[in-house]
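The basis for the numbers below is simple: all heavy atoms, side chains too, and nothing from hydrogens, waters or symmetry mates.
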Amino acid sequence: MGVLSGKEIVLGVTGGIAAYKACEIVRELRTEGANVHVILTASGAQFITPLTLQTLSKNPVVMDLWNLISESEIGHISLAQRAHLLLIAPATGNIIGKIRSGIADDMLSTVVMATTAPVVIAPSMNTQMYESAAVRENIDVLRSRGFRFVEPDEGELACGTVGPGRLAPVGKIVEMARIVLAEKILQGKKVVVSAGPTVESIDPVRFLSNRASGKMGFSLARVALRFGADVTLVTGPTALENPHFMKTVRVRTAEEMHKAVERESPDADAVVMCAAVADFRAAKVAPAKIKKNEGGWKLDLSPTVDILEELGRNKGRRVLVGFAAETGDIAQNAVAKMRKKNLDAIVANDVSRTDIGFESDDNEVRIFFSDGEVRELPLATKEGIAVGVWLALHGKLFAR
Ligand code: C5P
């Protein structure tokens, strides 16, 4: 069950061309189990109809502060009180100005004033408006009052201008909702997560790599951020986009990953090595493409540095967690690796199964702790597994 499940979210939609994207936001929030109440401003209704938002949200769309029926059925105070989160997307310069100034002259601005729930604002407007002194100052003041913003993207806007002002991607806005609503069990912790494969060149066109997709490591990084951690993700080449709101370091080889993890982890509270780091690389990288020949080809390999083992030698107060991809004797192999690398825990999965592990969206793992305890996390999405891993690490390792 995701963090949005069962949450009451009030979505304010104001008058900008991006109002049509509110439909997608409603759908995403509902898909994850949230109950969404839309407040549509009068100018928002110039861009999108209440019927559309009502159909998607499956709740009456509230527009008018002075409507006796909607006020008796779902009044502004009741909306303000029931909300776990108030999200305004798209937010115009006008609504931002009203909130900053304490104006409550319509349903949305009144509910913002009346709520004690967190408020997330995703602005969208013409570049000159967004960069105007008034809007900049209003956003700064609202930030200092605890309002959260999802910055607009840069690009070509509907008005033809190129610059910042385009509503942030729906996925980024929904991720902010998850971040705001998740429990903060990792608040104040700095964590480094590695993900993906590494790629070791043989010549300018060939390389050695493995089947890691990066999905498990990316999920661990995203979930740690939602739980309140300061997260750095170090990843080998993957097809995945950088997760929102965190520092992502992209590397290619085991050596580059080693340097990046060493650089990012001295002050970390936890390092979780989920990456499938190459154990060997070509002893010599050929400067030109190696020609094919009749007699076959023997490739000389040299071992790479074991990053976790290095960290384990100089562990300090850091919590170190490894991943073990095994095809047999899982418990025995995983525990042996944990001991050899001086880890606090190792997360083992069976990569001989086709329904979980490499490339799959799902996983099933066992976590072995250095004190001998074993926790099983049954089949779930990789994001669900990531939640289980952090809860287990929190309970066992951070609470001490
Ligand atoms: O020994 P094995 O490679 O199976 O151990 C897996 C664990 O060690 C993973 O957490 C992986 O990220 C880490 N590892 C590493 N550096 C290597 C190889 C593996 O940190 N060169």
**Prompt:** Listed by chain and number, what are the side chain to side chain contact (heavy atoms under 4.5 Å, CB included) partners of Ala45, not counting sequence neighbours?
**Reply:** Leu40, Met63

Return yes if some donor-acceptor pair links the side-chain N/O of [X] with the main-chain N/O of [Y] below 3.5 Å, else return no.
X	Y	result
Asn210	Ala212	yes
Asn59	Val36	yes
Arg82	Leu79	no
Ser209	Thr198	yes
Thr41	Gly44	yes
Arg226	Val3	no
Lys58	Leu56	no
Trp390	Leu220	yes
Thr253	Glu200	no

Got more than 12 heavy atoms from elsewhere within 6.0 Å of [atom1], [X]?
X	atom1	value
Glu255	CD	no
Glu183	CD	no
Glu241	CD	no
Lys340	NZ	no
Tyr20	OH	no
Arg27	CZ	no
Phe207	CZ	no

**Asked** Would you call Lys247 and Asp230 a salt bridge, taking side-chain N to carboxylate O under 4.0 Å as the test?
**Response**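 No, this pair does not count.
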
**Message:** If the threshold is 4.0 Å, N to carboxylate O, is there a salt bridge linking Asp105 and Lys98?
**Reply:** yes

What I want to check is whether the side chains of [X] and [Y] have a donor and an acceptor closer together than 3.5 Å.
X	Y	answer
Arg281	Ser201	no
Thr238	Thr235	no
Asn35	Arg30	no
Asn94	Thr92	no

Measure across [X] and [Y] and return the closest heavy-atom pair with its distance rounded to 0.1 Å.
X	Y	result
Leu108	Gly12	CD1-CA, 3.7 Å
Ala168	Val150	CB-CG1, 3.6 Å
Cys23	Thr52	SG-CG2, 3.7 Å
Ile290	Arg206	O-NH1, 3.1 Å
His84	Gly6	CE1-O, 4.1 Å
Val10	Ala83	CG2-CB, 3.7 Å

**Item:** Selection residues 322-338 - residue pairs positive for side chain to side chain donor-acceptor pair (under 3.5 Å), sequence neighbours left out
**Value:** Glu326-Asn333, Glu326-Lys337

Quick one, [X] and [Y] - any side-chain contact, counting heavy atoms below 4.5 Å?
X	Y	value
Arg375	Lys396	yes
Leu11	His37	no
Val249	Glu264	yes
Val234	Val251	yes
Leu397	Phe369	yes
Arg318	Leu311	yes

**Message:** Quick check with a 6.0 Å cut-off and a 45 degree axis cone: is Arg136 positioned over the face of Tyr130's six-membered ring?
**Reply:**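 Yes, Arg136 sits over the ring of Tyr130.
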
**Cation over ring face, Lys172 and Phe245, 6.0 Å, 45°** =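 The answer is yes; both the distance and angle limits are met.
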
**Item:** Ser302 OG to Asp279 CG distance, which is reported to the nearest 0.5 Å
**Value:** 12.5 Å

**Complete:** Between the CG atom in Leu29 and the CD1 atom in Ile173, the distance rounded to the nearest 0.5 Å is 9.5 Å

**Asked** Arg339 and Ser370: side-chain hydrogen bond (donor to acceptor under 3.5 Å, both in side chains), yes or no, with the steps?
**Response** CA-CA 8 Å; Arg339 303 258 180 265; Ser370 54; 5.6 Å; no

**Request:** Could you pull out all residues at least two apart from Lys215 that satisfy salt bridge (charged side-chain N to carboxylate O under 4.0 Å, His left out)?
**Result:** Asp361

**Request:** Check step by step if side-chain contact (heavy atoms from CB on, under 4.5 Å) holds for Arg313 and Asn342.
**Result:** CA-CA 7 Å; Arg313 270 191 212 114; Asn342 192 20; over 6 Å; no

**Message:** side-chain hydrogen bond (donor to acceptor under 3.5 Å, both in side chains), that's the test. Do Asn242 and Arg250 meet it? Break it down for me.
**Reply:** CA-CA 9 Å; Asn242 286 0; Arg250 294 241 172 211; 2.7 Å; yes

**Request:** Decide yes or no on side-chain contact (heavy atoms from CB on, under 4.5 Å) for Val180 and Arg148, but give the supporting numbers first.
**Result:** CA-CA 9 Å; Val180 169; Arg148 307 283 290 264; 4.0 Å; yes

**Request:** Given side-chain contact (heavy atoms from CB on, under 4.5 Å), test Phe280 with Thr304 step by step and report yes or no.
**Result:** CA-CA 5 Å; Phe280 299 99; Thr304 56; 5.8 Å; no

